[in-house]
Amino acid sequence: MMETRLRRRQRLIFLLLSLLLLSTIVVGIGLGPASLSYDRLLPTLLGQGSFKEDFVLFSLRLPRIVITLLAGMALALSGSILQGITRNELADPGIIGINTGAGVAVAIFFLYFPVDVGSFIYGLPVAAFLGALVTAVAIYALSYVRNRGLQPIRLILTGVGFSMALSGIMVILISSTKREKVDFIAKWLAGNIWGTDWTFVYALLPWLLVLIPFTLYKANKLNLLALNEPVAIGVGISIEKERIQLLLTAVALAASAVSVTGGISFIGLMAPHIARALVGPRHQWFLPIALLIGGWLLVLADTIGRNIAGPDGVPAGIVVALIGAPYFIYLLLKK
């Protein structure tokens with residue numbers, strides 16, 4: 001009876017969030033320097049728009065919105081996995097240094113591996129993944145204590161330390177390169193959505209098509225890993241094997257997202273927390289909700305950011321940080 005009620009609640013929340021996300025997307029499509037009238041949105045989608053309307057919708061608005069939606073989902077799922085395998089509700093790919101590791105790899109790839117544009121776009125998520133993976137492995141190794149397992153508090157502190165150190169490396173890279181390349185890296189660090197055409201959607205989408213179903217398939221394993229280690233071992237799962245698989249998944253999700261959106265934090269922290277508050281701690285229930293919340297938060301942040309100041313607007317990463325930093329402090333005080 002209880003499970004049936006929870007399932008109904010989850011479906012209702014999923015529907016309401018879907019409507020909220022759709023409404024935000026519609027509002028975002030109509031706002032901007034090149035406006036698109038809302039009464040012309042449906043005709044343009046159906047191929048009955050003018051050249052200007054087609055250009056604004058299909059070349060400017062939709063690719064950017066799809067990219068922010070997919071990236072927000074990826075970051076939310078990455079944070080959900082990290083919080084599950086570390087049993088630490090403050091885990092987030094931005095806070096513990098994974099995004100910064102990806103950023104350093106992106107900067108090195110951009111500065112020292114001159115490739116053509118087509119190869120660059122598809123190689124960027126791979127470079128980000130390798131950088132994030134090296135960072136995650138180092139953080140995991142330093143947070144693991146023999147005979148005691150992974151230490152959640154040590155993981156957060158180690159991750160913050162790595163994030164600061166890698167930020168220093170990024171400053172060194174920036175100070176030794178040309179001005180035009182510095183501008184790109186600075187925008188990346190601020191979380192400016194720089195990948196804004198369909199090519200970047202095609203570069204990001206395959207990662208999510210594989211990793212989202214895989215994570216949903218592993219939802220029950222995440223439930224067990226969120227318990228203490230003796231219980232997880234007692235029910236017959238290989239803790240380290242599952243943790244490593246899921247850690248690789250979280251790293252790949254975060255790296256693929258930030259490779260096209262820049263260094264965005266706090267989505268992976270907030271979305272799982274809000275989802276758990278709405279439907280409870282079971283991963284089967286809250287992962288789909290966290291996906292929608294993560295996508296909606298980044299679409300909303302980008303819509304606000306690009307419309308509130310000047311011709312270039314405010315980077316989505318800064319808008320998210322303005323919301324997420326107070327939330328992080330609240331969680332620190334609460335926990």
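Remember, predicted model here, so these are calculated numbers, not experimental data.
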Distance, nearest 0.5 Å, that separates CD of Gln284 from OH of Tyr217: 12.5 Å
Using the salt bridge (charged side-chain N to carboxylate O under 4.0 Å, His left out) criterion, which residues pair with Asp302? Sequence neighbours excluded. Arg64, Arg306
What pairs with Leu205 under side-chain contact (heavy atoms from CB on, under 4.5 Å), at least two apart in sequence or on another chain? Leu70, Leu209
Nearest heavy-atom contact between Ala91 and Ile96 is CA-CG2, 4.5 Å
Can you name the closest pair of heavy atoms from Pro93 and Ser78 and give their distance? CG-OG, 3.7 Å
Rounded to the nearest 0.5 Å, what separation is found between the CZ atom of Arg87 and the CG atom of Leu155? 11.0 Å
Can you tell if the side chain of Ile13 reaches within under 4.5 Å of the side chain of Leu292, non-hydrogen atoms only? no
Tell me which pairs pass side-chain hydrogen bond (donor to acceptor under 3.5 Å, both in side chains) where either residue lies in residues 155-169, with sequence neighbours left out. Thr100-Ser163
Value for CG (Leu298) from OG1 (Thr24), rounded to nearest 0.5 Å, stands at 12.0 Å
Using side-chain heavy atoms (C-beta onward) and a distance below 4.5 Å, is Asn223 in contact with Asn220? yes
Considering only heavy atoms from C-beta outward, does the side chain of Trp296 approach that of Leu17 to under 4.5 Å? no
Any side-chain heavy-atom pair from Ile156 and Thr86 closer than 4.5 angstrom? no
I want to check something: taking the side chain as every heavy atom from C-beta on, are Phe110 and Leu124 in contact at a cut-off of under 4.5 Å? no
Shortest non-hydrogen contact between Phe14 and Ser18, atoms and distance: O-OG, 2.8 Å
Interatomic spacing from CG in Leu21 to CE in Met73 - rounded to 0.5 Å: 6.5 Å
Flag yes if Phe214 and Leu82 sit in one hydrophobic cluster, no otherwise; membership is Ile, Leu, Val, Met, Phe, Trp, Tyr, and two members link when side-chain heavy atoms are under 4.5 Å apart. no
Any side-chain heavy atom of Gln83 within less than 4.5 Å of one from His273? yes
Do you know which two heavy atoms are closest between Leu297 and Ala271, and how far apart they sit? CD1-N, 4.5 Å
Answer yes if Leu16 and Leu300 sit in the same cluster of Ile, Leu, Val, Met, Phe, Trp and Tyr residues linked by side chain heavy atoms under 4.5 Å apart, and no otherwise. no
Which heavy atom of Ala71 sits nearest a heavy atom of Leu204, and at what distance? N-CD2, 4.1 Å
Taking the side chain as every heavy atom from C-beta outward, state whether Phe162 and Leu142 have any pair of such atoms under 4.5 Å apart. yes
What residues, two or more places apart in sequence or in another chain, satisfy ring pair (Phe, Tyr, Trp, His ring centres under 6.0 Å) together with Phe286? His283
Out of curiosity, does Ile304 fall in the hydrophobic cluster containing Val66 (side-chain heavy atoms, cut-off under 4.5 Å, transitive links)? yes
Can I get a per-line list of side-chain donor-acceptor pairs under 3.5 Å for residues 248-266, giving both atom names and the distance, sequence neighbours left out?
{"unit_1": "Thr249", "atom_1": "OG1", "unit_2": "Gln245", "atom_2": "O", "d": "2.9"}
{"unit_1": "Ser256", "atom_1": "OG", "unit_2": "Ala252", "atom_2": "O", "d": "3.0"}
{"unit_1": "Ser256", "atom_1": "OG", "unit_2": "Leu253", "atom_2": "O", "d": "3.0"}
{"unit_1": "Ser259", "atom_1": "OG", "unit_2": "Ala255", "atom_2": "O", "d": "3.4"}
{"unit_1": "Ser259", "atom_1": "OG", "unit_2": "Ser256", "atom_2": "O", "d": "2.8"}
{"unit_1": "Thr261", "atom_1": "OG1", "unit_2": "Ala257", "atom_2": "O", "d": "3.0"}

Closest contact, heavy atoms only, Thr135 versus Gly101: OG1-CA, 3.3 Å
Taking the side chain as every heavy atom from C-beta outward, state whether Ser80 and Arg276 have any atom pair closer than 4.5 Å. no
I'd like to know whether Arg243 forms a side chain to side chain contact (heavy atoms under 4.5 Å, CB included) with Tyr140, so could you lay out the CA-CA distance, the side-chain angles of the two residues, the decisive distance to 0.1 Å, and finally the verdict. CA-CA 10 Å; Arg243 268 189 182 151; Tyr140 187 91; 3.6 Å; yes
Reported CG-to-CG distance for the pair Leu222 and Leu246, which is rounded to 0.5 angstrom: 5.0 Å
With sequence neighbours left out, the residues meeting side-chain hydrogen bond (donor to acceptor under 3.5 Å, both in side chains) with Glu242 are Lys218
Could you walk me through whether Trp198 and Leu62 satisfy the side chain to side chain contact (heavy atoms under 4.5 Å, CB included) test, starting with their C-alpha distance in whole Å, then the side-chain angles of each, then the deciding distance to 0.1 Å, before giving a yes or no? CA-CA 9 Å; Trp198 292 107; Leu62 275 183; 3.8 Å; yes
Show your reasoning for whether side chain to side chain contact (heavy atoms under 4.5 Å, CB included) applies to Val320 and Met270. CA-CA 10 Å; Val320 172; Met270 293 187 292; 4.3 Å; yes
Are Ile308 and Ile29 connected, step by step, through hydrophobic side chains (Ile, Leu, Val, Met, Phe, Trp, Tyr) whose heavy atoms are closer than 4.5 Å? yes
Honestly curious: do Phe200 and Tyr202 fall in one hydrophobic cluster under the side-chain, below-4.5 Å linking rule? yes
